[in-house]
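Read the structure below first, then the notes.
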Amino acid sequence: MSGNYFKQDGVIRNTGFERYSGRLNVEHDYSKKLRLSTYITASTSNAQVAPASVVPNLLLMSPAVPIYNPDGSFLIKTPFEGTYSNPINTLLNQVNETRTNRILANVSGEYTILDGLVAKVLVGTDIIDNKQNRYRPSTVYESAGLGGIAQVGSIFTSNWLNENTLSYTKNINNIHNFNAIIGFTQQSSVTQGSVAAAAGFATDAFSFNNLGAGITSQTPSSLSSKWALESFLARVNYGYNDKYLLTLTVRSDGSSRFGSGNKWGTFPSAAFAWNAGEEEFINIATITHLKFRLSGGLTGNQQIPTYQSLSQLGFYRYNFGNTNVSGFAPNTIANPNLSWEKTAQYDFGIDLGLFKNRVNIVADIYYKKTTDLLLNVTLPATSGLLNFTTLQAQAYQNIGAVENKGIELAVSSKNLIGKFKWNSNLIFAINRNQVLSLGDGVSQLIPDNSLPSIAAVGQPLGSFIVYQTNGLIPVGTPPAKALTPSQNKAAGGQQYVDQNNDGVITQAGDRIIIANQPSFTAGLTNTFNYKGFDLAVFFQASYGGKIYNQNRATLELGTGYTNATRTLLNRYTETNTKRTFIVPIRIRLQPFLTGLLKTVRI
């Protein structure tokens, strides 16, 4: 039995996390044949969360704007152009908390039917009760004019799991070791949620605890979803004289998330290992352990939102005969062919122990290919469907393929083993990712037009599509000759490389793809121990990847309406022409953001 209390302040004021938790484990041998086990964990936590707008507004608010009015009250919003709220007021004077109660419990029983033959039944549950409370008084910009607004939401998730297995273990003359298991598992989860809100409070004293005191009701919302998974599985392990090891597995999984004729998928795997260090002909004093491993298998992925294979109806209000009425319309297109995403992986590895296992090396080389990707594909507007949140019609489909291949190396060493102990662990990995296919006739997908990310055939996931900058527009350049998609065609504006030499800069013809993946990743941990005191020092590295600097892309726009970085002090002006920053002028945001990417050091 154990208990734990954890408290952590957030990195900005009025935020933090607090949790109480307890754990109870009970194992009881009821008889020589029956063993019962119970594991229960319960926790309650409270998270004070900063509103999503606070950090952007902290960066964008002009430093010329005061926090307080002359009378000492908080300033609500910037008096300049723009709608940026006072982030200090928003942060300190509204409530945004999440309270979570969670119970995780497993009860299992093992019964020995015969010598080596054991049946096991496990029943587990994971219950999460989440309540979100928010109150924004009338003195913050987000609820100005509403007289304060209170919101209370709850999400309740009940997840249960049942596993039923039958295992058999047999050892013959300490030479043949055999272990087999068959089983059936089932799992189901139900989520229900609701949100209620009200506005127009005469006082802020009640916060979110008295929605009925609001004179204006907000439209409530609720949700309910359910999914289920069933699996049949089997595994066989065989070892000969601890030298040759073989594992064969197969499982068949059925998911409620897929189409009626495609719910089930079968996923086999096999692995072989040779303990070469046990062979008599390998007798090298420095080698303590030597093993070669070879494995391959197929796994499946079902992690998509529920009901994506069905045609779903959305609720809408509309005017009919000068009266507001309620109705429903299709939100999604049925896809009965929606099925499992599949990943085939092959691995070859070596385990090596040296100097009585004071140095251990594990090296692997692998290849992994994922097919039938579960992608949320944008549909043409002619489909007649439109999600009014994303302003796009989308549907999940099994399209495309992605591959990963690489090497992984882990080295652990016991550098000092006396009273003062020093252990080191080094991990080094190289992975090469590439998109192989995105469906028939599709060479690239741009998931979000507001950011320069792209998935393109032949390129790694996470790559960028950008304009290539080419300095500033020279003095005397006619507007028609200015190589920029921006409305800013004056001298000092950013110009770009005309990739297709057609005399104009367009998204379709002049953007380039910049591959983005680390050359390698690495980690090093050193642990020191002396007389019960220990110290761990950890280093990690990722080299060769690229990062899109959204902060610089926004704060170096130079519009004059928001805060800016000090680099703009050295911007282009009529008397300062040999600089790389553009003259502050209002331009269209999207072409400039994508064009600026090269300048802001991806």
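If you're wondering where the values come from, they're calculated on a predicted model, not measured in any experiment.
- Aromatic rings from Trp227 and Tyr307 are positioned such that their centres are separated by 6.0 Å or more.
- When the shell of 6.0 Å around CD1 of Ile427 is examined, it contains 12 or fewer heavy atoms from other residues, nucleotides or ligands.
- Under the 4.5 Å side-chain criterion, counting only non-hydrogen atoms from C-beta, Asp351 is in contact with Arg293.
- Closest heavy-atom contact between Leu461 and Val435: CD2-CG2, 3.6 Å.
- None of Ser256, Ser188, Ser189 except one satisfies the side-chain contact (heavy atoms from CB on, under 4.5 Å) rule with Lys226; the exception is Ser188.
- Side-chain N/O atoms of Glu142 and Ser85 include a donor and acceptor closer than 3.5 Å.
- The closest side-chain donor-acceptor pair between Ser138 and Ser143, if any, does not fall under 3.5 angstrom.
- Here the closest non-hydrogen pair linking Leu59 and Leu555 is O-CD2, 3.6 Å.
- Atom NZ of Lys414 sits in a sparse spot, with 12 or fewer heavy atoms from other residues, nucleotides or ligands closer than 6.0 Å.
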Legend entry - Ser311 and Thr332: CA distance, side-chain angles, deciding distance, side-chain hydrogen bond (donor to acceptor under 3.5 Å, both in side chains) verdict: CA-CA 5 Å; Ser311 178; Thr332 62; 4.9 Å; no
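- What you find for Trp340 and Ser255 is that their closest heavy atoms are CZ2-CB, 3.6 Å.
- Residues forming a ring pair (Phe, Tyr, Trp, His ring centres under 6.0 Å) with Phe533 (at least two apart in sequence, or on another chain): none.
- The closest side-chain donor-acceptor pair between Asn335 and Ser309, if any, does not fall under 3.5 angstrom.
- Residues that satisfy the side chain to side chain donor-acceptor pair (under 3.5 Å) test with Thr41, not counting sequence neighbours, are Arg23.
- In the model, Arg257 has a side-chain atom that pairs as donor or acceptor with a side-chain atom of Gln302 under 3.5 Å.
- Taking the side chain as every heavy atom from C-beta outward, Gln151 and Arg136 approach each other to under 4.5 Å.
- Side-chain polar atoms of Asn398 and Ser339 form no donor-acceptor pair below 3.5 angstrom.
- Under the 4.5 Å side-chain criterion, counting only non-hydrogen atoms from C-beta, Leu24 is not in contact with Tyr39.
- Of the possible polar contacts, none joining the Ser413 side chain to the Asn415 backbone as a donor-acceptor pair under 3.5 Å is found.
- Side-chain contact between Thr15 and Val11: absent, with no pair of heavy atoms (C-beta onward) separated by less than 4.5 Å.
- A donor-acceptor contact closer than 3.5 angstrom is absent between the side chains of Gln345 and Tyr367.
- Pairing each heavy atom of Ala198 with each of Gly214, the nearest pair is CB-CA, 4.3 Å.
- Side chains of Gln94 and Thr90: no donor on one and acceptor on the other come within 3.5 Å.
- Ion pairing between Arg99 and Asp129 fails under the 4.0 Å rule for side-chain N and carboxylate O.
- Between Phe17 and Asn46 there is no side-chain heavy-atom pair separated by less than 4.5 Å.
- Applying the side chain to side chain donor-acceptor pair (under 3.5 Å) test to Thr157 and every residue at least two apart in sequence or in another chain returns Thr191.
- In plain terms, the two heavy atoms of Asn89 and Ile76 that are nearest each other are ND2-CA, 4.2 Å.
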Inset, instruction - Could you please spell out the steps behind the side-chain contact (heavy atoms from CB on, under 4.5 Å) verdict for Val411 and Asn425? - result: CA-CA 6 Å; Val411 180; Asn425 290 281; over 6 Å; no
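- Between Lys342 and Asp372, the closest side-chain pair of non-hydrogen atoms falls below 4.5 Å.
- At most 12 heavy atoms of other shown residues, nucleotides or ligands fall within 6.0 angstrom of atom OH in Tyr543.
- Residues satisfying the ring pair (Phe, Tyr, Trp, His ring centres under 6.0 Å) test with Phe328, not counting sequence neighbours, are Phe315.
- Considering only heavy atoms from C-beta on, Phe6 stays 4.5 Å or farther from Glu18 through its side chain.
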Inset, instruction - Please assess Asn433 against Val402 for the test side-chain contact (heavy atoms from CB on, under 4.5 Å), listing each intermediate value before the final yes or no. - result: CA-CA 7 Å; Asn433 169 269; Val402 173; 3.3 Å; yes
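- When the side chain to side chain donor-acceptor pair (under 3.5 Å) test is applied to Asn301, the partners found at least two apart in sequence or on another chain are Glu341.
- With sequence neighbours excluded, the residues that form a ring pair (Phe, Tyr, Trp, His ring centres under 6.0 Å) with Tyr135 are Phe201.
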Inset, instruction - Begin from the C-alpha positions of Ile40 and Thr38 and carry the test side-chain contact (heavy atoms from CB on, under 4.5 Å) through to its verdict. - result: CA-CA 7 Å; Ile40 302 174; Thr38 301; 3.8 Å; yes
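- Within the structure, ring-ring contact (aromatic ring centres under 6.0 Å, His included) contacts touching residues 179-199 (residues at least two apart or in different chains) are Phe184-Phe232.
- For Phe528, the ring pair (Phe, Tyr, Trp, His ring centres under 6.0 Å) criterion is met by Trp422, not counting sequence neighbours.
- Applying the salt bridge (Lys or Arg N to Asp or Glu O under 4.0 Å) criterion to Asp126, with sequence neighbours excluded, gives Arg102.
- Residues Asn404 and Tyr366 bring no donor and acceptor atom of their side chains to less than 3.5 Å of each other.
- Asn423 and Thr527 share no side-chain donor-acceptor pair at under 3.5 Å.
- Applying the side chain to side chain donor-acceptor pair (under 3.5 Å) rule to pairs touching residues 530-540 yields nothing, sequence neighbours excluded.
- For the residue pair Glu97 and Asn133, a side-chain donor N or O sits within less than 3.5 Å of a side-chain acceptor on the partner.
- Lys405 NZ: 12 or fewer foreign heavy atoms inside a 6.0 Å radius.
- Residues Asn209 and Ser207 have side chains that never bring a donor and an acceptor to within less than 3.5 angstrom of each other.
- Within a 6.0 Å radius of CD1 in Ile417, other residues, nucleotides and ligands contribute 12 heavy atoms or fewer.
- Nearest approach of Thr266 to Leu298, heavy atoms of both residues: O-CD2, 3.8 Å.
- Listed by chain and residue number, Asp253 satisfy the salt bridge (Lys or Arg N to Asp or Glu O under 4.0 Å) test with Arg251 (two or more places apart in sequence, or in another chain).
- Of the N and O atoms on the side chains of Ser21 and Ser43, not one donor lies less than 3.5 Å from an acceptor on the other residue.
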Inset, instruction - Could you check Gln517 against Arg432 for side-chain hydrogen bond (donor to acceptor under 3.5 Å, both in side chains), going step by step and ending with a plain yes or no? - result: CA-CA 8 Å; Gln517 65 177 332; Arg432 293 294 174 262; 4.7 Å; no
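- Among pairs with a residue in residues 24-47, those fulfilling salt bridge (charged side-chain N to carboxylate O under 4.0 Å, His left out) read Glu27-Arg35, Asp29-Arg35, at least two apart in sequence or across chains.
- If you check the side chains of Ser463 and Asn516, you find no donor sitting under 3.5 Å from an acceptor.
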Inset, instruction - Tell me, with the steps shown, if Leu166 and Ile182 meet side-chain contact (heavy atoms from CB on, under 4.5 Å). - result: CA-CA 5 Å; Leu166 187 65; Ile182 59 173; 4.1 Å; yes
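- At distances below 3.5 Å, not a single donor-acceptor pair connects side-chain atoms of Asn262 with backbone N or O atoms of Leu338.
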